[in-house]
Peer 1: 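Next up is a structure, given as structure tokens.
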Amino acid sequence: MTRVILIRHCEAEGNIKRVFQGHTDAQISNNGKKQLDLLRLRCRNMPIDVIYSSPLTRAYQTAEAVNSFRNVTVHIHEDLIEINGGDWEGHYWSDIPILFPEDYMSWVHFPSNFAPQNGEPMHHVYTRMKNVVHEIVQKHKGQQICITSHGCAIRNFLCWAMGKSIEQLSDVDWCDNTAISIIDFDDDFRPTVVLANDASHLSEETSTFSKQTWWKSEGRPNME
């Protein structure tokens, strides 16, 4: 059995400013630093043999926090990055429905069809995340692997790990910043989701979701 501990990055400036971050390398917020302190404590005694991170700062600093009480190698893997939002990058979520009405309707109601201009189609993220985790698991069979990534990327991977097609992406919940999911794999790379989107280490004060309402409906999501 190989275990993957999949963690969303801590709160970054785009999360609180309500900006589409995607590939934008935003700095973490002051609250994000508090989230990392709580995540650090939660992961302190968790068996972890190796850590992989998206190349973006918000994910890498999350990986470094997990590594605080251990001394394992943190590997950067480009394919763990967030979806490339193309023309959406850097725009406020409040402006996106006006600027890109058709793409926005796809994002909210038919996310499997989402394909931003000059960006990455959603179905590519689904396949990319499945493939990169498969590559990492094959390299570290029998070990406990921590991976730090992003909201949309993690949502796509959990969709696959739960046995759902990309067309069922809307059935998979978004996760709070620093939320943890755990997936076990047998030798044939068959997944079992042990834990999904758990952020019980966060207080109401430090939770990003506690200050937002988009994730409770199909309103105006704030991914990455």
Side-chain angles (χ1 to χ4, degrees), residues 6-29 31-32 54-59 78-132 148-162 164-179 181 196-197 199 207-224:
L6 187 57
I7 304 177
R8 187 188 178 197
H9 65 81
C10 66
E11 183 183 275
E13 292 295 336
N15 297 118
I16 55 175
K17 292 179 179 178
R18 306 281 286 138
V19 171
F20 191 105
Q21 294 178 118
H23 278 202
T24 304
D25 203 8
Q27 296 300 306
I28 68 172
S29 67
N31 187 57
S54 153
L56 298 179
T57 298
R58 55 192 184 271
E78 295 291 333
D79 285 346
L80 293 171
I81 200 167
E82 183 56 292
I83 187 173
N84 182 348
D87 291 355
W88 283 35
E89 296 270 338
H91 286 290
Y92 288 101
W93 277 101
S94 58
D95 294 335
I96 286 176
I98 300 169
L99 295 172
F100 313 103
E102 292 185 9
D103 285 345
Y104 181 73
M105 289 299 292
S106 292
W107 173 269
V108 174
H109 300 293
F110 308 101
S112 62
N113 296 332
F114 179 70
Q117 188 75 22
N118 298 313
E120 182 181 22
M122 188 69 77
H123 68 83
H124 184 269
V125 182
Y126 180 91
T127 302
R128 168 167 62 82
M129 286 298 293
K130 178 189 73 172
N131 289 344
V132 67
T148 56
S149 188
H150 305 264
C152 185
I154 289 173
R155 191 187 192 203
N156 274 271
F157 181 76
L158 287 178
C159 184
W160 173 81
M162 292 174 178
K164 300 177 184 293
S165 69
I166 181 65
E167 288 76 22
Q168 296 172 288
L169 185 61
S170 294
D171 296 339
V172 181
D173 291 336
W174 291 94
C175 64
D176 207 339
N177 292 101
T178 70
S181 298
N197 298 335
S207 165
T208 304
F209 272 15
S210 69
K211 305 173 187 68
Q212 300 174 347
T213 59
W214 63 264
W215 54 276
K216 294 179 181 178
S217 67
E218 291 185 331
R220 192 170 283 139
N222 175 12
M223 52 65 69
E224 102 344 325

Peer 1: Which pair of heavy atoms, one from Arg58 and one from Ala12, lies closest together, and at what distance?
Peer 2: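 The pair with the smallest heavy-atom distance is CD-CB, 3.7 Å.
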Peer 1: Tell me yes or no: between the side chains of Asn15 and Thr208, is some donor less than 3.5 Å from an acceptor?
Peer 2: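 No.
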Peer 1: To check you understand the geometry: which heavy-atom pair defines the closest contact between Pro111 and Leu169, and what is its length?
Peer 2: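 Looking at all heavy atoms of both residues, the closest pair is CB-CD2, 3.9 Å.
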Peer 1: Does His23 use its side chain to pair, donor to acceptor, with the backbone of Gly85 at less than 3.5 Å?
Peer 2: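 Not a single qualifying donor-acceptor pair exists.
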Peer 1: Nearest 0.5 Å, what's the OG-CZ distance between Ser181 and Arg8?
Peer 2: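 Between atom OG of Ser181 and atom CZ of Arg8 there are 11.5 Å.
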Peer 1: Roughly how far, to the nearest 0.5 Å, is CG of Asn156 from CD1 of Ile83?
Peer 2: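 Answer for the CD1-CG pair, Ile83 versus Asn156, is 7.0 Å.
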Peer 1: Holding to side chain to side chain donor-acceptor pair (under 3.5 Å), I want the full list of residues that pass it with Gln27, two or more places apart in sequence or in another chain.
Peer 2: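 Not a single residue meets the side chain to side chain donor-acceptor pair (under 3.5 Å) criterion with Gln27.
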Peer 1: Nearest 0.5 angstrom please: Ile154 CD1 to Thr148 OG1, how far?
Peer 2: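 It comes to 8.5 Å.
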Peer 1: Once the angle between the rings of Phe100 and Trp88 is folded into 0 to 90°, is it parallel (under 30°), tilted (30 to 60°) or perpendicular (over 60°)?
Peer 2: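 Aromatic pair Phe100/Trp88 classed parallel.
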Peer 1: Do Met105 and Val108 touch side chain to side chain, with heavy atoms closer than 4.5 Å?
Peer 2: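 No, their side chains stay 4.5 Å or more apart.
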Peer 1: Does the side chain of Cys152 come within less than 4.5 Å of Arg155's, by heavy atoms?
Peer 2: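 SC-SC contact between Arg155 and Cys152 ruled out.
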Peer 1: Does the Thr178 side chain pair with the main chain of Cys10, one donor and one acceptor, at a distance under 3.5 Å?
Peer 2: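 No, Thr178 side chain to Cys10 backbone: no donor-acceptor pair under 3.5 Å.
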Peer 1: Do any N or O atoms from the side chain of Glu89 and from the backbone of Thr24 form a donor-acceptor pair under 3.5 angstrom?
Peer 2: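 Looks like yes, one N/O pair under 3.5 Å.
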Peer 1: Using the rule side-chain contact (heavy atoms from CB on, under 4.5 Å), only one of Arg128, Glu120, Met129 pairs with Ile81; which is it?
Peer 2: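 Running side-chain contact (heavy atoms from CB on, under 4.5 Å) over Arg128, Glu120, Met129 with Ile81 returns exactly one hit, Arg128.
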Peer 1: If you take all heavy atoms of Glu78 and Pro55, which pair is closest and at what distance?
Peer 2: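 Smallest heavy-atom distance, with atoms named: OE1-CG, 3.5 Å.
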Peer 1: Is a side-chain donor or acceptor of Asp176 paired with a backbone partner of Phe209 at a separation under 3.5 angstrom?
Peer 2: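 A pair under 3.5 Å: yes.
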Peer 1: Ignoring hydrogens and angles, state whether a donor on the side chain of Ser54 or His150 is under 3.5 Å from an acceptor on the partner side chain.
Peer 2: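 Indeed, the side chains of Ser54 and His150 share at least one donor-acceptor pair under 3.5 Å.
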Peer 1: Establish, from distance only, whether the side-chain atoms of Ser106 and Asn113 form a donor-acceptor pair under 3.5 Å.
Peer 2: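 No.
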Peer 1: What are the two closest heavy atoms between Asn84 and Gly86, and how far apart are they?
Peer 2: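 Heavy atoms of Asn84 and Gly86 come nearest at OD1-N, 2.9 Å.
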Peer 1: For the NE2 atom of His124 and the CG atom of Asn131, what is their distance to the nearest 0.5 Å?
Peer 2: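 Rounded to the nearest 0.5 Å, the NE2-CG separation comes out at 8.5 Å.
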Peer 1: Looking at CZ of Phe20 and OH of Tyr92, how far apart are the two atoms once the value is rounded to the nearest 0.5 Å?
Peer 2: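 Interatomic distance, Phe20 CZ to Tyr92 OH, rounded to 0.5 Å: 15.5 Å.
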Peer 1: Measuring only between side-chain heavy atoms, which start at C-beta, is Asn31 closer than 4.5 Å to Lys211?
Peer 2: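 Yes, at least one pair of side-chain atoms sits under 4.5 Å.
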Peer 1: Looking at Ser149 and Leu80, would you say the former's side chain and the latter's main chain have a donor-acceptor pair under 3.5 Å?
Peer 2: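 Confirmed, Ser149 side chain pairs with Leu80 backbone.
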Peer 1: When rounded to the nearest 0.5 angstrom, what is the spacing between OG in Ser112 and CD in Glu167?
Peer 2: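 One finds 5.0 Å between OG of Ser112 and CD of Glu167.
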Peer 1: How close do Gly14 and Ala26 get, heavy atom to heavy atom, and via which atoms?
Peer 2: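 Residues Gly14 and Ala26, closest heavy atoms: N-CB, 4.4 Å.
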Peer 1: Can you name the residues that form a side chain to side chain donor-acceptor pair (under 3.5 Å) with Asn118, not counting sequence neighbours?
Peer 2: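 Asn118: side chain to side chain donor-acceptor pair (under 3.5 Å) contacts with Asp87.
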Peer 1: Is any side-chain heavy atom of His9 closer than 4.5 Å to a side-chain heavy atom of Leu56?
Peer 2: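 His9 vs Leu56: side chains apart.
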Peer 1: Taking the six-membered ring for Trp and the single ring otherwise, decide whether the centroids of Trp107 and Tyr104 are under 6.0 Å apart.
Peer 2: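 No; Tyr104 has its ring centre 6.0 Å or more from that of Trp107.
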Peer 1: Phe114 and Pro116: which non-hydrogen atoms are nearest, and at how many Å?
Peer 2: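 For Phe114 and Pro116, the tightest heavy-atom pair comes out as CE2-CD, 3.4 Å.
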